[in-house]
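I have placed the structure first, in the form of C-alpha coordinates, so that the comments after it can refer back to it.
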Amino acid sequence: MIVEKLREQLYKGKAFLIKFMEIYLPMRQFFYNLIHPEYSAVTDVYVLMFLADTVDFIIIVFGFWAFGQKNTAADITSSLSEDRVPGAFLVMVLIQFGTMVVDRALYLRKSVLGKVIFQVILVFGIHVWMFFILPGVTERFNKNTVAQMWYFVKCIYFGLSAYQIRCGYPTRVLGNFLTKSYNYVNLFLFQFRLVPFLTELRAVMDWVWTDTSLSLSSWICVEDIYAHIFILKCWRESEKRYPQPRGQKKKKVVKYGMGGMIVVLLICIVWFPLLFMSLVKSVAGVVNPPLDVSFEITLAGFQPIFTMSAQQKQLQNVSAAAFTMFVKNYKDNNEDLIIAELKGSSNSLWTISPPSRNTLIEMLKGEDFPITVSWSVQTLKEIFPRYIQAPSSGDAKPVEQLHKLLDITLALNSAGSVSNQTQEWWIVSQTEPGPIEIKTQKCDPCLEVYVFSDKVSPPSLGFLAGYIMGLYASVVLVIGKFVREFFSGISHTIMFEELPNVDRILKLCTDIFLVRETGELDLEEDMYAKLIFLYRSPETMIKWTREKTQ
(Lines give C-alpha, C1' and ligand atoms only; values in the text may rest on other atoms or scores of the structure.)
Protein backbone atom coordinates (compact mmCIF):
# COMPACT_ATOMS: atom_id res chain seq x y z
CA MET A 1 0.00 0.00 0.00
CA ILE A 2 2.78 2.40 0.97
CA VAL A 3 4.76 1.46 -2.13
CA GLU A 4 1.77 2.21 -4.37
CA LYS A 5 1.25 5.65 -2.78
CA LEU A 6 4.95 6.41 -3.14
CA ARG A 7 4.84 5.33 -6.76
CA GLU A 8 1.78 7.54 -7.34
CA GLN A 9 3.56 10.54 -5.81
CA LEU A 10 6.61 9.89 -8.00
CA TYR A 11 4.38 9.85 -11.11
CA LYS A 12 2.77 13.16 -10.06
CA GLY A 13 6.17 14.70 -9.36
CA LYS A 14 7.49 13.52 -12.72
CA ALA A 15 4.43 14.95 -14.52
CA PHE A 16 4.82 18.27 -12.71
CA LEU A 17 8.53 18.38 -13.57
CA ILE A 18 7.76 17.70 -17.23
CA LYS A 19 5.19 20.53 -17.35
CA PHE A 20 7.58 22.86 -15.56
CA MET A 21 10.40 22.08 -17.99
CA GLU A 22 8.01 22.59 -20.93
CA ILE A 23 7.39 26.11 -19.69
CA TYR A 24 10.85 26.90 -18.34
CA LEU A 25 13.00 25.71 -21.23
CA PRO A 26 11.28 27.83 -23.94
CA MET A 27 11.40 30.88 -21.67
CA ARG A 28 15.07 30.24 -20.90
CA GLN A 29 15.83 29.81 -24.58
CA PHE A 30 13.88 32.99 -25.40
CA PHE A 31 15.84 35.12 -22.96
CA TYR A 32 19.12 33.49 -23.97
CA ASN A 33 18.50 34.29 -27.64
CA LEU A 34 17.47 37.79 -26.60
CA ILE A 35 20.69 38.43 -24.69
CA HIS A 36 22.98 36.52 -27.07
CA PRO A 37 21.55 37.06 -30.58
CA GLU A 38 23.24 35.38 -33.50
CA TYR A 39 23.09 38.59 -35.50
CA SER A 40 22.76 41.98 -33.83
CA ALA A 41 22.00 45.29 -35.55
CA VAL A 42 23.49 47.43 -32.79
CA THR A 43 21.60 50.67 -32.27
CA ASP A 44 21.44 53.48 -29.71
CA VAL A 45 18.05 54.82 -28.59
CA TYR A 46 19.16 55.92 -25.13
CA VAL A 47 18.50 59.57 -25.93
CA LEU A 48 14.88 58.83 -26.84
CA MET A 49 14.43 56.78 -23.66
CA PHE A 50 15.90 59.64 -21.64
CA LEU A 51 13.53 62.13 -23.27
CA ALA A 52 10.55 59.88 -22.49
CA ASP A 53 11.64 59.64 -18.84
CA THR A 54 12.10 63.42 -18.75
CA VAL A 55 8.55 63.99 -20.03
CA ASP A 56 7.19 61.63 -17.38
CA PHE A 57 9.20 63.48 -14.74
CA ILE A 58 7.67 66.80 -15.85
CA ILE A 59 4.17 65.29 -15.80
CA ILE A 60 4.68 64.14 -12.22
CA VAL A 61 5.94 67.55 -11.09
CA PHE A 62 3.18 69.64 -12.68
CA GLY A 63 0.35 67.08 -12.51
CA PHE A 64 0.94 65.56 -9.10
CA TRP A 65 -2.62 66.37 -8.02
CA ALA A 66 -3.90 63.73 -10.45
CA PHE A 67 -2.04 60.98 -8.55
CA GLY A 68 -3.58 61.85 -5.17
CA GLN A 69 -6.96 61.31 -3.62
CA LYS A 70 -10.07 62.44 -5.48
CA ASN A 71 -10.71 65.41 -3.22
CA THR A 72 -7.10 66.56 -3.43
CA ALA A 73 -6.84 69.30 -6.09
CA ALA A 74 -3.85 71.28 -4.85
CA ASP A 75 -0.76 71.34 -7.05
CA ILE A 76 2.82 71.12 -5.86
CA THR A 77 3.37 74.90 -6.02
CA SER A 78 0.68 75.52 -3.41
CA SER A 79 2.23 72.85 -1.20
CA LEU A 80 5.69 74.39 -1.50
CA SER A 81 4.26 77.84 -0.73
CA GLU A 82 3.00 76.37 2.55
CA ASP A 83 6.51 75.03 3.34
CA ARG A 84 5.54 71.39 3.05
CA VAL A 85 6.42 68.64 0.60
CA PRO A 86 3.93 65.75 0.20
CA GLY A 87 5.52 62.40 0.96
CA ALA A 88 3.86 60.69 -2.00
CA PHE A 89 5.19 63.37 -4.36
CA LEU A 90 8.72 62.93 -3.01
CA VAL A 91 8.54 59.14 -3.42
CA MET A 92 7.27 59.37 -7.01
CA VAL A 93 9.91 61.91 -8.01
CA LEU A 94 12.73 59.90 -6.42
CA ILE A 95 11.57 56.66 -8.08
CA GLN A 96 11.32 58.34 -11.47
CA PHE A 97 14.75 59.93 -11.05
CA GLY A 98 16.16 56.63 -9.77
CA THR A 99 15.01 54.77 -12.89
CA MET A 100 16.77 57.39 -15.03
CA VAL A 101 20.01 56.85 -13.08
CA VAL A 102 19.74 53.05 -13.41
CA ASP A 103 19.12 53.39 -17.14
CA ARG A 104 22.26 55.52 -17.46
CA ALA A 105 24.31 52.97 -15.53
CA LEU A 106 23.09 50.06 -17.70
CA TYR A 107 23.81 52.08 -20.84
CA LEU A 108 27.37 52.82 -19.78
CA ARG A 109 28.01 49.23 -18.67
CA LYS A 110 26.33 47.92 -21.86
CA SER A 111 24.59 45.24 -19.77
CA VAL A 112 21.79 43.72 -21.83
CA LEU A 113 21.05 41.16 -19.08
CA GLY A 114 20.66 43.94 -16.52
CA LYS A 115 18.41 45.85 -18.91
CA VAL A 116 16.18 42.77 -19.38
CA ILE A 117 15.80 42.30 -15.61
CA PHE A 118 15.17 46.02 -15.13
CA GLN A 119 12.59 46.01 -17.94
CA VAL A 120 10.66 43.07 -16.45
CA ILE A 121 10.59 44.66 -12.99
CA LEU A 122 9.38 47.98 -14.40
CA VAL A 123 6.68 46.41 -16.58
CA PHE A 124 5.16 44.36 -13.75
CA GLY A 125 5.63 47.06 -11.10
CA ILE A 126 4.16 49.93 -13.13
CA HIS A 127 1.16 47.93 -14.36
CA VAL A 128 0.31 46.74 -10.85
CA TRP A 129 0.57 50.33 -9.59
CA MET A 130 -1.26 51.81 -12.58
CA PHE A 131 -4.24 49.43 -12.75
CA PHE A 132 -4.68 48.30 -9.14
CA ILE A 133 -3.10 50.72 -6.63
CA LEU A 134 -3.63 54.09 -8.35
CA PRO A 135 -7.38 53.62 -9.08
CA GLY A 136 -7.89 52.66 -5.44
CA VAL A 137 -6.08 55.77 -4.21
CA THR A 138 -7.52 58.31 -6.66
CA GLU A 139 -10.96 56.64 -6.92
CA ARG A 140 -10.88 57.37 -10.63
CA PHE A 141 -9.02 56.13 -13.72
CA ASN A 142 -11.11 56.60 -16.87
CA LYS A 143 -11.28 60.37 -16.30
CA ASN A 144 -7.71 60.75 -15.07
CA THR A 145 -6.18 62.33 -18.17
CA VAL A 146 -2.85 63.17 -16.52
CA ALA A 147 -2.27 59.58 -15.35
CA GLN A 148 -3.23 58.27 -18.79
CA MET A 149 -0.77 60.66 -20.42
CA TRP A 150 1.96 59.51 -18.04
CA TYR A 151 1.20 55.86 -18.85
CA PHE A 152 1.19 56.56 -22.60
CA VAL A 153 4.67 58.09 -22.45
CA LYS A 154 5.85 55.21 -20.27
CA CYS A 155 4.58 52.74 -22.91
CA ILE A 156 6.69 54.57 -25.49
CA TYR A 157 9.64 54.12 -23.14
CA PHE A 158 8.89 50.39 -22.85
CA GLY A 159 8.84 50.07 -26.64
CA LEU A 160 12.18 51.87 -26.99
CA SER A 161 13.70 49.73 -24.21
CA ALA A 162 12.51 46.53 -25.90
CA TYR A 163 14.02 47.68 -29.18
CA GLN A 164 17.30 48.48 -27.41
CA ILE A 165 17.35 45.01 -25.81
CA ARG A 166 16.60 43.31 -29.11
CA CYS A 167 19.36 45.17 -31.00
CA GLY A 168 21.88 45.35 -28.16
CA TYR A 169 23.83 48.28 -26.77
CA PRO A 170 26.45 50.04 -28.93
CA THR A 171 29.97 48.77 -28.45
CA ARG A 172 31.42 52.29 -28.22
CA VAL A 173 29.95 55.37 -26.55
CA LEU A 174 31.97 58.31 -27.86
CA GLY A 175 31.15 61.74 -26.49
CA ASN A 176 27.72 63.35 -26.41
CA PHE A 177 25.02 62.73 -29.01
CA LEU A 178 24.78 66.51 -29.54
CA THR A 179 28.41 66.69 -30.66
CA LYS A 180 27.95 64.57 -33.78
CA SER A 181 27.58 67.64 -36.02
CA TYR A 182 28.66 71.27 -35.81
CA ASN A 183 25.92 73.82 -36.41
CA TYR A 184 23.86 76.41 -34.59
CA VAL A 185 21.18 73.89 -33.57
CA ASN A 186 23.68 71.60 -31.86
CA LEU A 187 25.39 74.60 -30.30
CA PHE A 188 22.10 75.85 -28.87
CA LEU A 189 21.02 72.43 -27.57
CA PHE A 190 24.45 71.86 -26.09
CA GLN A 191 23.71 74.70 -23.66
CA PHE A 192 21.84 72.14 -21.54
CA ARG A 193 25.11 72.18 -19.61
CA LEU A 194 23.84 75.39 -17.97
CA VAL A 195 21.19 73.37 -16.06
CA PRO A 196 22.41 73.30 -12.44
CA PHE A 197 24.15 70.08 -11.39
CA LEU A 198 23.20 68.22 -14.60
CA THR A 199 26.67 68.33 -16.13
CA GLU A 200 28.34 67.50 -12.82
CA LEU A 201 26.00 64.56 -12.16
CA ARG A 202 26.48 63.19 -15.66
CA ALA A 203 30.28 63.46 -15.43
CA VAL A 204 30.44 61.68 -12.07
CA MET A 205 28.07 58.89 -13.18
CA ASP A 206 30.07 58.37 -16.39
CA TRP A 207 33.28 58.14 -14.38
CA VAL A 208 31.76 55.63 -11.93
CA TRP A 209 30.35 53.25 -14.55
CA THR A 210 33.05 53.52 -17.22
CA ASP A 211 36.35 51.63 -17.13
CA THR A 212 39.12 54.24 -17.01
CA SER A 213 42.54 54.84 -15.51
CA LEU A 214 41.96 58.57 -15.00
CA SER A 215 41.05 60.13 -11.68
CA LEU A 216 37.77 61.98 -11.27
CA SER A 217 39.46 65.39 -11.57
CA SER A 218 41.29 64.31 -14.75
CA TRP A 219 38.07 62.90 -16.18
CA ILE A 220 36.26 66.19 -15.57
CA CYS A 221 39.20 68.06 -17.11
CA VAL A 222 38.92 66.03 -20.34
CA GLU A 223 35.14 66.53 -20.43
CA ASP A 224 35.50 70.29 -19.97
CA ILE A 225 38.16 70.57 -22.68
CA TYR A 226 36.05 68.52 -25.08
CA ALA A 227 32.96 70.67 -24.44
CA HIS A 228 34.95 73.88 -24.96
CA ILE A 229 36.57 72.61 -28.16
CA PHE A 230 33.18 71.51 -29.51
CA ILE A 231 31.78 75.02 -28.98
CA LEU A 232 34.77 76.54 -30.77
CA LYS A 233 34.37 74.04 -33.61
CA CYS A 234 30.73 75.13 -34.05
CA TRP A 235 31.78 78.80 -34.21
CA ARG A 236 34.59 78.09 -36.71
CA GLU A 237 32.19 76.13 -38.94
CA SER A 238 29.64 78.95 -38.83
CA GLU A 239 32.37 81.41 -39.84
CA LYS A 240 33.20 79.23 -42.84
CA ARG A 241 29.55 78.98 -43.89
CA TYR A 242 28.90 82.71 -43.46
CA PRO A 243 32.27 84.38 -44.15
CA GLN A 244 32.84 88.06 -43.36
CA PRO A 245 34.85 89.89 -46.11
CA ARG A 246 38.03 91.48 -44.81
CA GLY A 247 37.80 95.20 -44.05
CA GLN A 248 34.01 95.37 -44.45
CA LYS A 249 31.92 96.86 -41.68
CA LYS A 250 29.25 94.80 -39.99
CA LYS A 251 25.83 94.97 -41.56
CA LYS A 252 23.02 96.74 -39.74
CA VAL A 253 20.99 93.56 -39.75
CA VAL A 254 23.70 91.83 -37.73
CA LYS A 255 24.32 94.79 -35.42
CA TYR A 256 20.70 95.58 -34.67
CA GLY A 257 19.68 91.94 -34.77
CA MET A 258 22.30 90.58 -32.40
CA GLY A 259 23.21 93.77 -30.54
CA GLY A 260 19.60 94.93 -30.20
CA MET A 261 18.55 91.54 -28.92
CA ILE A 262 21.31 91.61 -26.30
CA VAL A 263 20.30 95.14 -25.21
CA VAL A 264 16.66 94.10 -24.83
CA LEU A 265 17.72 90.96 -22.98
CA LEU A 266 19.89 92.87 -20.50
CA ILE A 267 17.12 95.40 -19.87
CA CYS A 268 14.64 92.58 -19.29
CA ILE A 269 17.00 90.87 -16.85
CA VAL A 270 17.28 94.05 -14.78
CA TRP A 271 13.66 95.23 -14.82
CA PHE A 272 11.49 92.27 -15.78
CA PRO A 273 11.08 90.77 -12.27
CA LEU A 274 9.81 94.06 -10.84
CA LEU A 275 7.67 94.76 -13.92
CA PHE A 276 6.26 91.26 -13.77
CA MET A 277 5.28 91.53 -10.12
CA SER A 278 3.69 94.93 -10.73
CA LEU A 279 1.65 93.74 -13.70
CA VAL A 280 0.54 90.58 -11.92
CA LYS A 281 -1.60 92.58 -9.49
CA SER A 282 -2.57 95.51 -11.73
CA VAL A 283 -3.49 93.53 -14.85
CA ALA A 284 -4.08 89.94 -13.79
CA GLY A 285 -4.90 90.64 -10.14
CA VAL A 286 -8.15 89.44 -8.64
CA VAL A 287 -10.46 91.45 -6.38
CA ASN A 288 -9.96 90.81 -2.67
CA PRO A 289 -13.12 92.18 -0.94
CA PRO A 290 -13.14 92.37 2.86
CA LEU A 291 -15.13 89.78 4.78
CA ASP A 292 -15.32 91.75 8.02
CA VAL A 293 -15.00 95.43 8.95
CA SER A 294 -14.65 96.14 12.67
CA PHE A 295 -14.71 99.47 14.51
CA GLU A 296 -13.84 100.20 18.13
CA ILE A 297 -13.74 103.34 20.30
CA THR A 298 -11.91 103.53 23.61
CA LEU A 299 -12.02 106.45 26.07
CA ALA A 300 -8.68 107.22 27.72
CA GLY A 301 -7.66 103.64 28.38
CA PHE A 302 -10.97 102.60 29.91
CA GLN A 303 -12.98 99.64 28.72
CA PRO A 304 -14.07 100.12 25.05
CA ILE A 305 -17.40 101.94 24.88
CA PHE A 306 -18.25 100.99 21.30
CA THR A 307 -17.53 97.86 19.26
CA MET A 308 -19.26 97.02 16.00
CA SER A 309 -18.61 94.79 12.98
CA ALA A 310 -20.09 94.62 9.48
CA GLN A 311 -20.35 91.39 7.48
CA GLN A 312 -22.18 89.93 4.47
CA LYS A 313 -25.15 92.15 3.49
CA GLN A 314 -23.73 95.08 5.47
CA LEU A 315 -20.82 95.19 2.98
CA GLN A 316 -22.19 96.87 -0.16
CA ASN A 317 -20.64 97.02 -3.65
CA VAL A 318 -20.52 100.25 -5.65
CA SER A 319 -21.56 100.66 -9.28
CA ALA A 320 -19.14 102.04 -11.85
CA ALA A 321 -21.28 105.17 -12.45
CA ALA A 322 -21.51 105.99 -8.74
CA PHE A 323 -17.79 105.46 -8.31
CA THR A 324 -16.97 107.80 -11.22
CA MET A 325 -19.14 110.54 -9.72
CA PHE A 326 -17.62 109.97 -6.30
CA VAL A 327 -13.93 110.25 -7.10
CA LYS A 328 -11.75 110.84 -10.16
CA ASN A 329 -8.08 110.28 -10.91
CA TYR A 330 -7.78 107.48 -8.36
CA LYS A 331 -5.89 104.30 -9.05
CA ASP A 332 -8.63 101.92 -7.89
CA ASN A 333 -11.94 101.14 -9.59
CA ASN A 334 -15.45 100.38 -8.39
CA GLU A 335 -14.66 96.67 -7.92
CA ASP A 336 -12.13 97.54 -5.23
CA LEU A 337 -14.52 99.72 -3.20
CA ILE A 338 -16.78 98.26 -0.51
CA ILE A 339 -19.07 100.36 1.73
CA ALA A 340 -19.42 98.91 5.22
CA GLU A 341 -22.54 99.86 7.17
CA LEU A 342 -21.80 99.84 10.89
CA LYS A 343 -24.88 100.02 13.11
CA GLY A 344 -24.72 102.86 15.57
CA SER A 345 -25.71 100.82 18.64
CA SER A 346 -22.82 99.00 20.26
CA ASN A 347 -22.71 95.21 20.20
CA SER A 348 -21.98 94.99 23.92
CA LEU A 349 -23.25 96.60 27.09
CA TRP A 350 -21.04 99.18 28.78
CA THR A 351 -19.90 97.89 32.12
CA ILE A 352 -17.83 100.19 34.30
CA SER A 353 -17.31 100.41 38.06
CA PRO A 354 -18.66 103.49 39.93
CA PRO A 355 -15.19 104.86 40.83
CA SER A 356 -14.02 104.58 37.23
CA ARG A 357 -17.29 106.16 36.07
CA ASN A 358 -16.72 109.18 38.34
CA THR A 359 -13.13 109.47 37.12
CA LEU A 360 -14.32 109.42 33.53
CA ILE A 361 -16.91 112.16 34.22
CA GLU A 362 -14.21 114.38 35.71
CA MET A 363 -11.94 113.79 32.71
CA LEU A 364 -14.76 114.66 30.28
CA LYS A 365 -15.06 118.13 31.85
CA GLY A 366 -11.65 119.05 30.45
CA GLU A 367 -11.13 120.62 27.06
CA ASP A 368 -8.83 117.95 25.63
CA PHE A 369 -9.61 114.28 26.07
CA PRO A 370 -7.73 111.28 24.57
CA ILE A 371 -9.76 108.84 22.47
CA THR A 372 -8.56 105.75 20.60
CA VAL A 373 -10.18 104.77 17.30
CA SER A 374 -7.92 101.94 16.16
CA TRP A 375 -5.18 104.55 16.46
CA SER A 376 -4.53 107.44 18.84
CA VAL A 377 -6.22 110.81 18.37
CA GLN A 378 -6.48 113.75 20.78
CA THR A 379 -9.93 115.32 20.48
CA LEU A 380 -13.53 114.36 19.92
CA LYS A 381 -13.59 116.25 16.62
CA GLU A 382 -12.44 114.81 13.30
CA ILE A 383 -11.68 111.30 14.51
CA PHE A 384 -13.69 109.14 12.09
CA PRO A 385 -11.70 107.92 9.03
CA ARG A 386 -14.38 107.26 6.43
CA TYR A 387 -12.01 106.19 3.60
CA ILE A 388 -9.69 103.29 4.46
CA GLN A 389 -7.14 101.47 2.28
CA ALA A 390 -7.05 97.71 3.01
CA PRO A 391 -3.74 96.28 1.69
CA SER A 392 -3.26 92.62 0.86
CA SER A 393 -1.00 92.39 3.92
CA GLY A 394 -0.33 94.68 6.85
CA ASP A 395 -2.52 97.20 8.68
CA ALA A 396 -5.34 99.20 7.12
CA LYS A 397 -4.66 102.95 6.79
CA PRO A 398 -6.64 106.02 5.74
CA VAL A 399 -6.54 106.85 2.03
CA GLU A 400 -4.06 109.72 1.59
CA GLN A 401 -5.79 111.20 -1.49
CA LEU A 402 -9.16 111.22 0.29
CA HIS A 403 -7.82 111.73 3.80
CA LYS A 404 -10.54 113.54 5.73
CA LEU A 405 -11.44 112.79 9.33
CA LEU A 406 -15.10 113.44 10.16
CA ASP A 407 -16.99 114.27 13.34
CA ILE A 408 -19.11 111.69 15.18
CA THR A 409 -21.55 111.95 18.05
CA LEU A 410 -21.51 109.79 21.16
CA ALA A 411 -24.60 109.17 23.29
CA LEU A 412 -25.02 107.00 26.35
CA ASN A 413 -28.29 105.11 26.34
CA SER A 414 -29.78 103.14 29.23
CA ALA A 415 -32.62 100.71 29.75
CA GLY A 416 -34.49 99.29 32.69
CA SER A 417 -32.47 97.59 35.35
CA VAL A 418 -32.01 93.84 35.42
CA SER A 419 -31.19 92.30 38.78
CA ASN A 420 -30.87 95.78 40.29
CA GLN A 421 -28.29 96.75 37.63
CA THR A 422 -28.85 99.45 35.00
CA GLN A 423 -28.07 98.34 31.43
CA GLU A 424 -26.17 100.99 29.48
CA TRP A 425 -24.69 101.12 26.01
CA TRP A 426 -23.22 103.75 23.76
CA ILE A 427 -24.69 104.94 20.46
CA VAL A 428 -22.34 106.35 17.81
CA SER A 429 -23.60 108.24 14.77
CA GLN A 430 -22.00 110.10 11.88
CA THR A 431 -22.77 113.80 11.52
CA GLU A 432 -23.02 113.73 7.70
CA PRO A 433 -23.96 110.93 5.26
CA GLY A 434 -21.55 109.40 2.78
CA PRO A 435 -21.21 110.74 -0.77
CA ILE A 436 -22.56 107.53 -2.34
CA GLU A 437 -26.16 106.57 -1.76
CA ILE A 438 -26.52 102.85 -1.16
CA LYS A 439 -29.65 100.92 -2.04
CA THR A 440 -30.22 99.29 1.32
CA GLN A 441 -32.49 100.60 4.03
CA LYS A 442 -30.88 103.57 5.69
CA CYS A 443 -29.67 102.95 9.21
CA ASP A 444 -29.96 105.65 11.82
CA PRO A 445 -27.74 105.91 13.69
CA CYS A 446 -24.90 104.24 11.76
CA LEU A 447 -21.39 104.68 10.39
CA GLU A 448 -20.42 104.23 6.72
CA VAL A 449 -16.86 103.12 6.08
CA TYR A 450 -15.50 103.13 2.49
CA VAL A 451 -12.94 100.32 2.17
CA PHE A 452 -10.60 100.24 -0.86
CA SER A 453 -9.17 96.71 -1.15
CA ASP A 454 -5.89 96.06 -2.91
CA LYS A 455 -5.94 93.41 -5.60
CA VAL A 456 -4.07 90.18 -4.94
CA SER A 457 -2.17 87.93 -7.32
CA PRO A 458 -4.16 85.17 -9.02
CA PRO A 459 -3.80 81.76 -7.34
CA SER A 460 -1.71 80.38 -10.23
CA LEU A 461 0.92 83.12 -9.75
CA GLY A 462 0.63 83.63 -6.02
CA PHE A 463 3.60 81.34 -5.37
CA LEU A 464 5.91 83.61 -7.39
CA ALA A 465 4.40 86.86 -6.17
CA GLY A 466 5.08 85.90 -2.58
CA TYR A 467 8.83 85.81 -3.19
CA ILE A 468 9.41 89.01 -5.14
CA MET A 469 12.69 89.94 -3.47
CA GLY A 470 14.06 86.42 -3.68
CA LEU A 471 13.07 86.18 -7.34
CA TYR A 472 14.62 89.56 -8.08
CA ALA A 473 17.87 88.64 -6.31
CA SER A 474 18.13 85.25 -8.01
CA VAL A 475 17.41 86.55 -11.51
CA VAL A 476 19.35 89.82 -11.42
CA LEU A 477 22.30 88.89 -9.23
CA VAL A 478 22.88 85.30 -10.35
CA ILE A 479 22.34 85.89 -14.07
CA GLY A 480 24.19 89.20 -13.75
CA LYS A 481 27.20 87.30 -12.42
CA PHE A 482 27.32 85.11 -15.54
CA VAL A 483 26.88 88.12 -17.80
CA ARG A 484 29.72 89.95 -16.04
CA GLU A 485 32.01 86.96 -16.49
CA PHE A 486 31.19 86.98 -20.21
CA PHE A 487 32.01 90.68 -20.62
CA SER A 488 35.03 90.82 -18.31
CA GLY A 489 38.18 88.74 -18.08
CA ILE A 490 38.23 88.06 -21.82
CA SER A 491 41.90 88.98 -22.04
CA HIS A 492 42.79 86.04 -19.78
CA THR A 493 41.13 83.51 -22.09
CA ILE A 494 42.35 84.71 -25.51
CA MET A 495 44.89 81.90 -25.68
CA PHE A 496 42.13 79.27 -25.43
CA GLU A 497 39.33 81.08 -27.26
CA GLU A 498 40.97 82.41 -30.42
CA LEU A 499 41.93 79.07 -31.97
CA PRO A 500 41.71 79.15 -35.81
CA ASN A 501 41.48 75.36 -36.24
CA VAL A 502 40.51 72.97 -33.45
CA ASP A 503 40.30 69.77 -35.50
CA ARG A 504 43.51 68.28 -34.11
CA ILE A 505 42.52 68.92 -30.49
CA LEU A 506 39.04 67.57 -31.15
CA LYS A 507 40.49 64.41 -32.69
CA LEU A 508 42.79 63.95 -29.68
CA CYS A 509 39.77 64.07 -27.35
CA THR A 510 37.81 61.55 -29.43
CA ASP A 511 40.88 59.30 -29.55
CA ILE A 512 40.93 59.32 -25.75
CA PHE A 513 37.28 58.21 -25.76
CA LEU A 514 38.05 55.51 -28.33
CA VAL A 515 41.02 53.92 -26.55
CA ARG A 516 39.01 54.03 -23.30
CA GLU A 517 36.19 52.04 -24.92
CA THR A 518 38.63 49.48 -26.32
CA GLY A 519 40.18 48.99 -22.88
CA GLU A 520 43.65 50.35 -23.72
CA LEU A 521 43.96 52.30 -20.48
CA ASP A 522 47.74 52.78 -20.76
CA LEU A 523 47.25 54.59 -24.05
CA GLU A 524 44.46 56.62 -22.43
CA GLU A 525 46.91 57.96 -19.83
CA ASP A 526 49.48 58.80 -22.50
CA MET A 527 46.97 60.74 -24.59
CA TYR A 528 45.69 62.57 -21.53
CA ALA A 529 49.23 63.61 -20.67
CA LYS A 530 49.64 64.84 -24.25
CA LEU A 531 46.44 66.89 -23.97
CA ILE A 532 47.55 68.48 -20.70
CA PHE A 533 50.99 69.33 -22.16
CA LEU A 534 49.26 70.93 -25.13
CA TYR A 535 47.31 73.29 -22.86
CA ARG A 536 50.42 74.07 -20.82
CA SER A 537 52.50 75.03 -23.86
CA PRO A 538 51.36 78.16 -25.76
CA GLU A 539 53.84 77.55 -28.58
CA THR A 540 52.63 74.00 -29.13
CA MET A 541 49.00 75.18 -28.99
CA ILE A 542 49.71 77.73 -31.74
CA LYS A 543 51.25 75.04 -33.96
CA TRP A 544 48.40 72.60 -33.36
CA THR A 545 45.66 75.12 -34.11
CA ARG A 546 47.03 76.58 -37.34
CA GLU A 547 45.02 76.27 -40.50
CA LYS A 548 45.97 73.24 -42.58
CA THR A 549 47.20 75.44 -45.43
CA GLN A 550 49.75 76.97 -43.04
Side-chain angles (χ1 to χ4, degrees), residues 51 54 58 175-200 202-203 223-284 461 463-465 467-503 505-506 535 541 545 547:
L51 291 177
T54 303
I58 296 174
N176 193 300
F177 79 99
L178 293 174
T179 61
K180 304 305 180 183
S181 58
Y182 312 102
N183 50 52
Y184 283 123
V185 176
N186 288 60
L187 180 61
F188 175 76
L189 296 177
F190 193 69
Q191 301 308 316
F192 80 94
R193 300 172 70 251
L194 297 178
V195 177
F197 301 107
L198 182 59
T199 301
E200 294 79 1
R202 176 182 177 273
E223 291 290 329
D224 185 64
I225 292 176
Y226 179 68
H228 180 247
I229 293 300
F230 169 75
I231 294 175
L232 292 180
K233 177 65 176 178
C234 291
W235 285 118
R236 299 294 92 88
E237 289 296 322
S238 65
E239 292 171 359
K240 292 180 181 179
R241 294 172 185 173
Y242 310 100
Q244 171 70 21
R246 186 171 181 270
Q248 183 177 350
K249 65 179 182 180
K250 292 291 183 181
K251 298 180 180 179
K252 291 184 178 181
V253 175
V254 178
K255 296 183 67 176
Y256 287 99
M258 180 181 296
M261 183 180 64
I262 294 176
V263 170
V264 173
L265 180 62
L266 292 178
I267 293 176
C268 290
I269 291 175
V270 175
W271 296 110
F272 175 75
L274 296 179
L275 180 62
F276 172 75
M277 292 306 165
S278 176
L279 293 178
V280 163
K281 291 187 177 181
S282 61
V283 178
L461 299 176
F463 177 72
L464 290 176
Y467 299 94
I468 178 172
M469 294 308 298
L471 181 66
Y472 185 82
S474 60
V475 172
V476 175
L477 299 182
V478 177
I479 298 182
K481 180 177 180 295
F482 287 103
V483 174
R484 176 60 57 84
E485 290 180 355
F486 178 79
F487 280 89
S488 63
I490 299 179
S491 59
H492 303 289
T493 60
I494 291 178
M495 172 182 171
F496 307 104
E497 296 289 343
E498 300 300 326
L499 304 179
N501 191 320
V502 296
D503 291 347
I505 305 177
L506 189 64
Y535 271 79
M541 178 68 78
T545 57
E547 291 291 349

Spacing of [atom1] belonging to [X] relative to [atom2] belonging to [Y], to within rounding of 0.5 Å:
X	Y	atom1	atom2	answer
Asn183	Cys234	CG	SG	6.5 Å
Asp503	Ile229	CG	CD1	10.0 Å
Leu506	Asn501	CG	CG	10.0 Å

Go through the steps to decide whether Thr199 and Glu223 satisfy the test side-chain contact (heavy atoms from CB on, under 4.5 Å), and finish with yes or no.
-> CA-CA 10 Å; Thr199 301; Glu223 291 290 329; over 6 Å; no
Please determine whether the number of non-hydrogen atoms from other residues, nucleotides or ligands lying under 6.0 Å from atom [atom1] of [X] exceeds 12.
X	atom1	result
Met258	CE	no
Phe188	CZ	no
Lys240	NZ	yes

Give the C-alpha distance, both sets of side-chain angles, the deciding distance and a yes or no for side-chain contact (heavy atoms from CB on, under 4.5 Å) between Leu187 and Ile231.
-> CA-CA 7 Å; Leu187 180 61; Ile231 294 175; 3.8 Å; yes
Where is the tightest heavy-atom contact between Met541 and Ile505, given as atom of each residue plus distance?
-> SD-CD1, 3.6 Å
Would you check if the side chain of Arg236 reaches a backbone N or O of Leu499 as a donor-acceptor pair within less than 3.5 Å?
->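 Such a contact is found between Arg236 side chain and Leu499 backbone.
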Result of checking Val263, Val264, Leu265 against Ile267 for side chain to side chain contact (heavy atoms under 4.5 Å, CB included) | Val263
Mind checking whether Phe230 and Tyr182 have parallel, tilted or perpendicular rings, split at 30° and 60°?
->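 Rings of Phe230 and Tyr182: tilted, 30 to 60°.
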